[in-house]
Amino acid sequence: MARNELRPVVRLRSTAGTGHTYVTRKNRRNDPDRMVLRKFDPVAGRHVEFREER
């Protein structure tokens, strides 16, 4: 199986509206839905939810 099929690169965009993004990989088998992580947004200066964009 190719590297990008099982663990694709996804971008996590801030829900604070600052436009800040994180780039990570996820396992499609374990997490078929869109990923939501609570991470630090340096533009907003606080922790906010980051949602996966496609």
(request) Would you please test Asp41 and Lys39 for side-chain contact (heavy atoms from CB on, under 4.5 Å) and show each step? (result) CA-CA 6 Å; Asp41 187 339; Lys39 296 180 72 69; over 6 Å; no
(message) Would the distance check show the side chain of Tyr22 and the main-chain N or O of Phe40 forming a donor-acceptor pair, the cut-off being under 3.5 Å?
(response) yes
(message) When you group the ILVMFWY residues by side-chain heavy-atom contacts below 4.5 Å and let the links chain together, are Val48 and Leu37 in the same group?
(response) yes
(message) For a 4.5 angstrom cut-off between non-hydrogen side-chain atoms, does Thr24 reach Val9?
(response) no
(request) Measure the OG-NE2 distance between Ser14 and His47 for me, rounded to the nearest 0.5 Å. (result) 11.5 Å
(request) Answer yes when Arg51 and Glu53 have at least one side-chain N-carboxylate O distance shorter than 4.0 Å, and no when they do not. (result) no
(request) Could I get the full list of salt bridge (Lys or Arg N to Asp or Glu O under 4.0 Å) partners for Glu52, not counting sequence neighbours? (result) Lys26, Arg54
(message) Please check this pair: side chain of Arg25 against backbone of Arg7, looking for a donor-acceptor N/O pair closer than 3.5 Å.
(response) yes
(message) Could you measure the distance from the CG atom of Leu12 to the CE atom of Met35? Nearest 0.5 Å is fine.
(response) 6.5 Å
(request) Say whether, by atom type as modelled, one donor and one acceptor occur between the side chain of Asp31 and the main chain of Asp33 under 3.5 angstrom. (result) no
(request) State whether the side chain of Thr18 and the backbone N or O of Ala44 hold a donor-acceptor pair below 3.5 Å, judged by distance alone. (result) no
(message) If we count only N and O atoms by modelled type, under 3.5 Å, do the side chains of Thr21 and Arg13 hold a donor and an acceptor together?
(response) no
